[in-house]
Amino acid sequence: MNRLKDLWGGQDAINRVAFIAAIAAFAWCIVQGHGMYGVVFAVVILFLIISRQNQREKRFSRLYGTMYFPMPDGELVPRSFEQVKNEYVHGAQSNYADRKVELRFPWWYLNSAGDIDTGFGLTVRIGDKQELADEARLMRRGDNVRVVGTLVAESRQYFYIGKLEELQRISEKELYPLKEK
């Protein structure tokens, strides 16, 4: 049930409307005695929803998927999420394990496990810090946030941001920290 709740929470408004329309059209076709048309229509709509969600994740990754790695001299080194993920999957786990990272993105949602979904495939785990969990519950879609944490290896194929140190709202102007430089 939690998986279904997370799937529903991760959809944007258009996908939710399309899903409800597909169910309504399927039910109407069943009532009218044309169940096969309803099945075909529902399958087509579900494929459109999946395709649209994948395109949204790619777009979010391009717009907000920059991970900033702080250097000892205070400089922020930007790396895209896709670049880090590709290097990580292809054997560079030791380069990124336990590295401090800063991420700035528009709030997407908090899943049923209490983790932050960034909207582009990266999970931020709050952990047991109650004040950060309380702050996360107050966030709404459209808020811009900044998180500072550590990259934690979940497996050889996936990492997440854990050991969260900071979670704060930021202005849209602060979304891209290297823009003014």
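We're numbering straight along the sequence, starting at 1.
For Gln130, the CD atom sits in a packed shell: over 12 heavy atoms of surrounding residues, nucleotides or ligands are nearer than 6.0 Å. No more than 12 heavy atoms of other residues, nucleotides or ligands shown are found within 6.0 angstrom of CE on Met36.
Ring orientation note: the planes of His34 and Tyr37 are tilted relative to one another, at an angle of 30° to 60°.
Phe41 CZ to Ile23 CD1: the interatomic distance, rounded to the nearest 0.5 Å, is 11.5 Å. Rounding to the nearest 0.5 Å places CD1 of Ile20 at 12.5 Å from CD1 of Ile45. Atoms CD1 and CG, from Ile161 and Asp115 in turn, are 11.5 Å apart once rounded to the nearest 0.5 Å. Between the CG atom in Leu151 and the CZ atom in Phe69 there is a gap of 5.0 Å [rounded to 0.5 Å]. Within the model, atoms OG1 of Thr150 and CZ of Arg99 stand 11.0 Å from one another, a figure rounded to the nearest 0.5 Å.
With sequence neighbours left out, the salt bridge (charged side-chain N to carboxylate O under 4.0 Å, His left out) criterion links Arg140 to no other residue. Legend: residues meeting salt bridge (charged side-chain N to carboxylate O under 4.0 Å, His left out) with Arg146, ordered by chain and number and at least two apart, are Glu102, Glu166. Partners of Lys163 under the salt bridge (charged side-chain N to carboxylate O under 4.0 Å, His left out) rule, at least two apart in sequence or in another chain, are Asp98.
Here the shortest heavy-atom pairing between Phe26 and Ala42 reads CB-CB, 4.4 Å. The minimum heavy-atom distance between Lys100 and Val148, with the atom names listed, is CE-CG1, 3.4 Å. Residues Leu122 and Tyr160 come closest through the heavy atom pair CD1-CA, 4.1 Å.
Hydrophobic cluster membership is shared by Val77 and Phe159, with clusters built from Ile, Leu, Val, Met, Phe, Trp and Tyr side chains linked at under 4.5 angstrom. Hydrophobic clustering (ILVMFWY, side-chain heavy atoms < 4.5 Å, transitive): Val43 and Ile30 are in one cluster. When hydrophobic clusters are built by joining Ile, Leu, Val, Met, Phe, Trp and Tyr residues whose side-chain heavy atoms come closer than 4.5 Å, directly or via intermediates, Met139 is grouped together with Val124. Under a hydrophobic-cluster definition in which Ile, Leu, Val, Met, Phe, Trp and Tyr are linked whenever side-chain heavy atoms come within less than 4.5 Å, directly or via other members, Ile170 and Val147 are assigned to the same cluster.
Annotation: side chain of Asn144 is not in contact with side chain of Arg104 (no heavy-atom distance under 4.5 Å).
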Requested in this report: Go through the steps for Glu174 and Gln168 under the test side chain to side chain contact (heavy atoms under 4.5 Å, CB included), then give the verdict.
Outcome: CA-CA 11 Å; Glu174 297 172 306; Gln168 65 182 28; 6.0 Å; no

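Using a 4.0 Å cut-off between charged nitrogen and carboxylate oxygen, Arg169 and Glu135 count as a salt-bridge pair.
Residue Leu103 is tested with Thr118, Val145, Ile116 for a side chain to side chain contact (heavy atoms under 4.5 Å, CB included); the sole match is Thr118.
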